[in-house]
Amino acid sequence: MEYNPSDIEKKWQDFWDKHSSFEPQENFEKEKKYILSMFPFPSGRLHMGHVRNYSIGDAFARHYRQQGYNVLHPIGWDSFGMPAENAAIKNGAHPKKWTYENIDYMRKELVTLGLSFSKEREFATSDELYTKFEQGFIIDMFEKGLLYRKRGFLNWCPHDKTVLANEQVIDGHCWRCDTEVVQKEMYQYYLKISDYADELLEDLSKLQDGWPKQVITMQENWIGKSSGLEFDLFFDESSKEKLSNAFESFDVFTTRADTIYGVTYTALAPEHEIVSYMIENRLLDDETILAIKAMKNANSIDRQKEKSGVALNISVVHPLTGKSIPVWVANFVLMDYGSGAVMAVPAHDERDYEFAGKYGLSITPVIKPFNGELPEESAFTEVGELFNSESFDGLRSDDAKRAVIEHFESENIGKRVINFKLKDWGVSRQRYWGAPMPFVHCENCGIVSEEKKNLPIALPEDIEITGEGNPLEAHPTWKYCKCPKCARDAVRETDTMDTFVQSSWYFLRYTASKEVQQKMGFDAKELEYWMGVDHYIGGIEHAILHLLYARFFTKVMRDLGYINIDEPFDRLLTQGMVLKDGSKMSKSKGNTVDPDALIQKYGADTARVFILFAAPPTQELEWNDSAVEGAFRFLKRFNDRSSNVLTCKSIPQIQHDTLSKEEKHARKKVYEALKRSFEVYEERYTFNTMIAGVMEAMNALNEQKNADVWTEGYWILLSIMEPIAPHLCWELSERYFTCNNLSRQEIKEEVFVVDSIDMAVSVNGKKRSEIQVGVDDDKETIIALAKEAVSKWIEDKEIVKEIVVPKKLVNIVIKG
RNA sequence: GCCAGUAUGGUGAAAUUGGUAGACACGUCGGAUUCAAAAUCCGAUGCAGCGAUGCGUGCCGGUUCGAGUCCGGCUACUGGUACCA
């Protein structure tokens with residue numbers, strides 16, 4: 001029969017829909033698998049990154065269904081966020097209408113891909129029901145003191161009177177009106193992720209077996225725990241006077257206490273309160289003030305690139321030597337790390353060295369290498385021996401760190417502290433299309449959380465989005481309300497939540513069955529059964545922020561008493577980006593390839609086979625139109641050659657030892673493919689090699705004519721391929737096996753038994769020949785055979801060594 | 001800048017633990033079939049060389065009997081960098 005993807009794909013999509021084939025079962029006795037692909041933002045159309053993500057996830061889900069598990073494989077929509085507002089600005093579309101129309105379209109696209117998602121668990125994070133439960137959690141966090149307000153700096157466009165996301169700032173200017181962007185200090189809501197820094201770091205060890213090493217390393221570095229010395233630097237008398245005695249000293253933090261005698265200057269962040277004081281009180285000249293403002297307004301990446309600074313013409317006193325140290329402002333000193341001030345030791349820190357070189361500041365080495373000289377053109381940052389350091393001279397720098405901190409502590413002039421790079425999570429946004437922060441500003445009571453019975457606090461729909469100001473702030477009536485505490489007139493919070501808040505608990509929400517969905521966010525029993533997620537699949541670009549926030553949120557939910565797990569994702573597969581023309585395919589770059597056209601031309605099975613075959617999932621995938629054809633031809637061949645298969649209801653029993661060489665080889669290839677498929681799902685995730693194995697088996701089957709071998713081969717191969725190309729496999733499986741083979745298949749070890757082995761023979765590590773040896777041949781026999789095979793290369797040469805690697809190779813080492 | 005990756009034929013890639021580099025495909029070339037073409041099937045295909053053989057996993061160096069794999073130093077590209085999601 002001809003391969004006609006559009007017919008069979010429609011047939012099976014209808015069949016699955018009619019039979020609700022992919023709903024999880026309520027049977028909690030059964031072993032479960034929770035397979036989750038990261039949910040999409042409904043940008044309008046699926047892109048290839050989605051196709052890749054969901055093809056991988058669907059392969060897991062279908063595989064584990066075949067293995068007999070109760071599988072939860074849900075999908076939903078990460079539907080709040082900036083692009084909906086951008087669309088409103090551009091086309092005048094209402095964010096809600098735009099979003100839900102996109103969802104309707106994309107849902108159909110998912111169906112045409114044949115993805116085995118549960119239907120009853122689907123939701124969008126912009127659904128009021130979702131907002132309702134989320135606002136409840138946020139109130140709990142606020143009441144527990146995990147949510148607080150403080151001032152923070154935001155990109156501000158003075159013309160549009162609006163806050164800009166980093167991506168909306170282009171070369172320091174507003175994306176819409178090109179006005180120069182300034183940093184404005186405003187009150188923001190923050191979640192205290194820093195309270196969980198230690199646990200987030202420690203629990204990474206629990207994820208070691210299930211998560212990629214690189215993600216764990218990135219998270220470790222992001223959390224950035226370091227131990228060091230914190231101490232005060234006191235101003236000298238004239239500087240104090242200059243500052244009108246408003247400040248006596250400031251805090252600095254260093255991880256290199258051993259270099260304390262090498263301090264030659266000290267640097268403050270441009271946002272430091274002393275700097276602000278000096279600007280406000282006109283203690284600096286105009287040029288200096290402009291330079292500092294420029295530092296503040298530069299983005300965080302540029303600030304770390306080209307170092308710049310200005311002297312404040314004030315000085316502090318070195319705590320041990322009493323020497324005078326000039327105070328500078330430096331762009332690379334960050335206000336939200338440590339205390340926003342550093343002691344600078346140019347001799348032993350790269351950044352300090354570069355800065356000192358640029359501004360002609362003095363460099364005093366205090367650590368020298370154990371052997372050899374100090375480098376002349378760079379900082380010496382390795383472990384060495386102290387000198388120029390009074391009583392600490394001669395200590396190793398790592399011992400000196402301890403000794404110096406102890407000295408500071410005993411003199412009561414400093415202390416050991418632990419610092420984290422991890423900053424608290426700013427969760428408020430001055431935007432419309434997000435979940436409103438459920439708080440009320442009352443003149444009497446301050447900030448008051450809304451009563452849970454009034455949730456959700458839903459968005460008004462009659463708004464205008466122009467890109468200027470905050471639409472909720474501008475709405476004529478929405479924000480006016482009564483204080484939940486004192487009932488007086490009050491004003492609603494107009495900030496909405498970061499969309500990372502929604503994606504931090506959506507995986508919990510999926511565990512809610514239909515019966516509980518209206519009543520609560522999730523049910524404890526259901527959650528206990530389904531969590532944690534067995535395989536979480538998503539882009540590597542989420543390695544830090546989303547995954548860290550989701551881990552944090554899970555721990556907070558635990559401490560609020562909602563759940564009792566520590567980590568949400570047992571195993572993580574980070575897929576590589578789908579690239580086109582060398583860069584990420586994304587809605588913001590507009591370099592997407594449309595999957596619909598691909599499906600229309602070749603069918604979903606081809607799209608899925610291609611995308612899984614083209615590269616291992618963790619690697620980047622550069623788009624290549626021409627390779628799709630090959631995937632299609634493979635499926636066509638797979639379909640055509642099924643004409644060799646006999647109809648049956650169970651796997652044929654075959655006497656292996658009666659078979660010809662080609663028949664034996666074909667069976668071996670088939671079971672090798674099966675073996676590999678198990679490895680792929682459990683450990684390796686390399687679907688490309690799994691498909692290659694199936695292709696090899698197909699090629700081997702084609703070398704022989706035994707109908708039973710063909711039939712057994714298809715029985716197994718259809719089972720392996722079903723998670724990848726489900727429509728064709730169900731079709732063939734129905735035709736020949738009444739679908740009886742779409743289940744767990746057993747490996748038959750007899751096919752792997754061999755009586756001879758091919759070994760390579762190399763001379764000095766260079767392959768020169770091959771030999772065939774018996775399974776039980778001893779080392780001497782093998783070496784003798786090998787020497788004969790390479791006699792040409794070794795005659796008249798002195799043999800130094802003979803190495804035999806069993807079942808692999810023989811290496812003869814000769815002299816000269 | 002900082003953190004994390006990646007680099008193998010004309011192309012996508014394979015080589016699971018240091019042990020036969022290039023499996024499986026794409027493409028190209030040749031053949032069969034066809035009035036012809038498409039589709040399909042069969043065969044060849046790392047580079048250089050008629051060949052023997054030599055060279056070959058981004059670059060430079062090292063460890064080892066043996067390195068795509070381990071170590072040191074570079075280069076290029078990609079992701080993240082806290083308001084893109």
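Every chain is numbered from 1, with letters handed out A, B, ... down the list of sequences. As the structure is a computational prediction, the values presented were derived from the model and not from experiment.
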- Among all residues two or more places apart in sequence or in another chain, which pass the side-chain hydrogen bond (donor to acceptor under 3.5 Å, both in side chains) test with A:Tyr602?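 With sequence neighbours excluded, A:Tyr602 shows a side-chain hydrogen bond (donor to acceptor under 3.5 Å, both in side chains) to A:Glu629, given in chain and number order.
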
- List in chain and number order the residues that pass side-chain hydrogen bond (donor to acceptor under 3.5 Å, both in side chains) with A:Ser769, two or more places apart in sequence or in another chain; answer none if no residue qualifies. none

What does [X] touch in the nucleic acid at a heavy-atom separation under 4.0 angstrom: a base, only the sugar-phosphate, or nothing?
| X | result |
| --- | --- |
| A:Ala614 | sugar-phosphate |
| A:Ser428 | base |
| A:Pro616 | sugar-phosphate |
| A:Trp222 | base |
| A:Lys421 | base |
| A:Asn811 | base |
| A:Glu802 | nothing |
| A:Phe634 | nothing |
| A:Glu220 | nothing |
| A:His546 | nothing |
| A:Arg431 | base |
| A:Phe613 | base |
| A:Gly426 | sugar-phosphate |
| A:Asn699 | sugar-phosphate |

- Query: Are a donor atom and an acceptor atom from the side chains of A:Tyr549 and A:Asp498 found within less than 3.5 Å of each other?
  - Reply: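 No pair is found: no donor N or O on one side chain lies under 3.5 Å from an acceptor on the other.
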
- Message: Under a 3.5 Å threshold, yes or no: a donor from one side chain and an acceptor from the other, between A:Tyr130 and A:Trp505?
- Response: yes

- Anti versus syn assignment for B:rG9, with syn defined as within 90° of 0: syn

Just compare [options] and give me whichever is closest to any side-chain atom of [X].
| X | options | result |
| --- | --- | --- |
| A:Asn155 | B:rC83, B:rA82, B:rA13 | B:rC83 |
| A:Gln214 | B:rU53, B:rG5, B:rC65 | B:rG5 |
| A:Phe500 | B:rA85, B:rU20, B:rG27 | B:rA85 |
| A:Ala692 | B:rG80, B:rC24, B:rG19 | B:rC24 |
| A:Ile544 | B:rC83, B:rU20, B:rG80 | B:rG80 |
| A:Lys767 | B:rC26, B:rG80, B:rA21 | B:rA21 |
| A:Leu809 | B:rA85, B:rG19, B:rG79 | B:rG19 |
| A:Val805 | B:rA14, B:rG19, B:rU16 | B:rG19 |
| A:Met218 | B:rC65, B:rC3, B:rC24 | B:rC3 |
| A:Ala760 | B:rA25, B:rU20, B:rG1 | B:rU20 |

Do any N or O atoms of the protein come closer than 3.5 Å to N or O atoms of nucleotides 8-10 of chain B, and which pairs are they?
none

- Query: Are any of the side-chain nitrogens in A:Asp160 or A:Arg176 under 4.0 Å away from the carboxylate oxygens of its partner?
  - Reply: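 Salt bridge: yes.
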
- Item | Salt-bridge criterion met for A:Glu679 and A:Lys675 (N-O under 4.0 Å) | no

- Message: Using 0.5 Å steps for rounding, measure from the CD1 atom of A:Ile223 to the CD atom of A:Glu220.
- Response: 8.0 Å

- Supply the atom-to-atom distance A:Phe332 CZ to A:Phe355 CZ, rounded to the nearest 0.5 angstrom.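 These two atoms lie 5.5 Å from each other.
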
- Query: When you compare B:rG27 with B:rC77, how far apart are their P atoms, in angstrom units rounded to a whole number?
  - Reply: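 Per the computed distance, 31 Å lies between those P atoms.
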
- Item | Watson-Crick or G-U wobble mate for B:rA4, both contacts under 3.5 Å | B:rU78

